[in-house]
There are 2 protein chains.
Amino acid sequence: MTSAPGSPGDVLTLISAGSATTRSDLARLTGLARSTISQRVDALIERGLVSETGSGESTGGRPPRQLRLHTADHAFAGVDLGATHCRIALMDISGDVLAECEDPLLIAEGPETVLAHVDERLDGLLAEAGHPRAALKAIGMGVPGPVEFATGRPNNPPIMPGWNDYPIPEHFAGCAVLVDNDVNVMALGEHRNAYPGADHLLFVKIGTGIGCGIVAEGKLHRGAQGSAGDIGHIRVSGHEEAGCRCGNSACLEAVAGGAAVARRLTELGTPAESGAEVVALVQAGNTQALRLVREAGRLIGEVLAGLVNFFNPEVIVIGGALSRVHEHLLAGIKETVYRRSLPLATHHLSIVPSRTGINAAALGAGILAIENYLSPENINRIVNA
Amino acid sequence: MTSAPGSPGDVLTLISAGSATTRSDLARLTGLARSTISQRVDALIERGLVSETGSGESTGGRPPRQLRLHTADHAFAGVDLGATHCRIALMDISGDVLAECEDPLLIAEGPETVLAHVDERLDGLLAEAGHPRAALKAIGMGVPGPVEFATGRPNNPPIMPGWNDYPIPEHFAGCAVLVDNDVNVMALGEHRNAYPGADHLLFVKIGTGIGCGIVAEGKLHRGAQGSAGDIGHIRVSGHEEAGCRCGNSACLEAVAGGAAVARRLTELGTPAESGAEVVALVQAGNTQALRLVREAGRLIGEVLAGLVNFFNPEVIVIGGALSRVHEHLLAGIKETVYRRSLPLATHHLSIVPSRTGINAAALGAGILAIENYLSPENINRIVNA
DNA sequence: CTACTTCCGCCGATAATCAAACAAAGATCT
DNA sequence: AGATCTTTGTTTGATTATCGGCGGAAGTAG
């Protein structure tokens, strides 16, 4: 055959995606002979990548043996490094969480300190899950700043002093390390877990700052310099007075980020220090906080309306700290987007709160690691070794 | 081998892209044995897809025989339908223009009339180039409105009365027809002709309206509903008074499009009816027109600055009627983009005028047709037939 | 003119894939 | 319950694709 989509890696991809759970499925989907598929599957089983899990339902004949990813013997880590925290999820190859942990950790302490902490926690989680260190096949990591994805080096990150150009993967020997911006891994996690069928998705994180992860054709769009999605410094109209830390004025982040809302609330007589405190006030029923959050939603919506026209996504997911009061935030966002975007683009557009919640980044980072390990090229390499 | 990138279609893709011009090149690039490559190339030659064109330079031994796409026996058409014109380029398989034509033609006359006209012109061009009708393998078409690309049906196009949901491909029997938005095909043409190495490119067309074609990872991004790139209705700050035909106000198109500039110029006492007249005034040295064009550039730049932060392109190409005075337009655009976008995103960003000029759309449409024909799947189908 | 290099086609050996026969395991019919 | 049917999975010999080496072709370098 010519464009045969049937290498061992492709077979495993189909199993992994859930598109095929039996040998017959695989034969049908790939167009290869049943015997060839059996041989491929045997190779994958021998390598410990696939296992048989009993029989399925008969459809009138012999019941097929079910195939699944072999969850033992492999472990993957998703690491979420924030400005002040570190969350790690240890996952098996199918993406289920085996163990997780969360600590306060200042990223400003620099790469050596922080990564040593991560390493220690990884050992703990592996022990907890009963895996030897060698079982850890890949690590995904989300960091709060721009990263050159190909090399895993932070690229002039504003809030990660000491990390610029630091080669993070070299800190972990013997296992692949994928480093990306935190919003990107959140977008990936949300897409894979909640909207796997959507071709184009935006994940908007509204915390202290505002960022956006872009999934185009099912893959992360990182842009030419890996800085795509940095929507926090897009200009919004009518707020020329708001100065931003980036040096410009009227940036989205400077008028609708968690810090900005807290500041405006303070100016109006209700003291608030951070986005978290704003959330608490809203949850306590403070109408002024509520009004400001809704107004922030409108401003974010103004920017998103433009991006909807430009990018035409299928789903926009709202996440981050402020999304914990998403009813009010979403109301403002939707109101503006549906008013300012073109009908063709909004007709099938969903704007929804994040489903993966607080662990979005760690889970997404783990998925990044798993998908890298399960890529056809890597699997073919393993099987042929 | 396992993930063998070496089907006949892939081999042809390498030849077509200019990545390989000899059998040795192909063997090196694909990793296949020289004998296998020879066999593949023979099959392609036999099918009339590739031809040998003399010997190349020797590097110390026998000189390699050069391989090229076989330009005879195949013809492709790129059709550019505008509101009031029809341009067609007849191209060979390598993208060279064999014949072209241009007529005034009102798209509002409806699909039957317009497509009959196209068909007639196609016969004329084929005759001019000495090709039988059967040589026409595929037609690419750019139209001034949104299109459902998969089916070639216009999707509620505002300025194409009678075309909504009309199945354009069915009008041309026996040959593949690819229909897309005009800005998309312009972006494709500019990318392939002038910036083939750029991963991410935006083509901004500034005419009566304003639109944008998006190339992401070398491929057109059309969005969920095929409406991506519709940036003409993104809001710009400080122009709430400007009403737009879309029903909103302060749309980019309503303040910086060719029609808008002409209107403002008229208000200032210099009568102008269209973008073309504005261009003429600028070229004649009218300082008021010049100032307004530059101001339009600033407004466009404001929107583009946001898109640069979001999408992080490598190249932004400015085309369309108003770009004929691109010095002034570009000055305004660059000024604002470099001021309002993040340094990381602008560091390696080029903002340049279109190189393909008036024929951008027809050429891009032809490339769309050729690439569809040269897709590995299609070539494998042909070779295995 | 003679070595040396590179390119290319031929050909037997090797490896991948297939199709068909066969065995297994359950459903269905009588 | 037993025979038959249906679907799954394995085995096997045949077919096909690919490889790697050999030799001729067509140049360069000394």
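Letters A, B, ... mirror the listed sequences (proteins, then strands); counts begin at 1. Bear in mind that the values here come from a model prediction, so they are computed numbers and not experimental data.
Look at A/R65 and you'll find a side-chain N or O under 4.0 angstrom from OP1 or OP2 of D/dT10. Contact annotation: A/T36 side-chain N/O to C/dC18 OP1/OP2 distance is under 4.0 Å. The phosphate of D/dT10 has neither OP1 nor OP2 within less than 4.0 Å of any side-chain N or O from A/S35. The shortest distance between the side-chain N/O atoms of A/S24 and the OP1/OP2 oxygens of D/dT8 is below 4.0 Å.
The closest donor-acceptor contact from the side chain of B/H200 to the backbone of B/E217 lies under 3.5 Å. Side chain of B/N372 to main chain of B/L368: no donor-acceptor pair is present (N/O by atom type, distance under 3.5 Å, no hydrogens or angles).
Whole-Å rounding puts the B/E52 CD to C/dC7 P distance at 14 Å. Straight-line distance from the CD1 atom of A/I37 to the P atom of C/dA16: 15 Å, rounded to whole Å. Rounded to an integer number of Å, the gap from A/D25 CG to D/dT7 C1' is 12 Å. Atoms CG (A/L32) and C1' (C/dA19) sit 13 Å apart, rounded to a whole Å. One interatomic measurement links the two molecules: CD of B/Q39 to C1' of D/dT18, which rounds to 8 Å at whole-angstrom precision. Atom pair B/D42:CG and D/dT18:P shows a separation of 14 Å (rounding to whole Å applied). Rounded to whole Å, the distance from CZ on A/R34 to P on C/dA21 is 12 Å. Note: CG (A/L26) to C1' (C/dC18) measures 17 Å, nearest angstrom.
Nearest heavy-atom pair across B/G140 and B/A369 is N-CB, 3.4 Å.
Between B/F203 and B/H191, the distance from one ring center to the other does not fall under 6.0 angstrom.
Contact annotation for A/R23: backbone-only contact, meaning every heavy-atom pair under 4.0 Å involves sugar-phosphate atoms and none involves a base. Nucleic acid contact class of A/T59 (heavy atoms, under 4.0 Å, all strands): sugar-phosphate only.
Between A/L44 and A/L67, the closest side-chain pair of non-hydrogen atoms is not below 4.5 Å.
For A/R62 against D/dT7, a side-chain-to-base donor-acceptor contact under 3.5 Å is absent.
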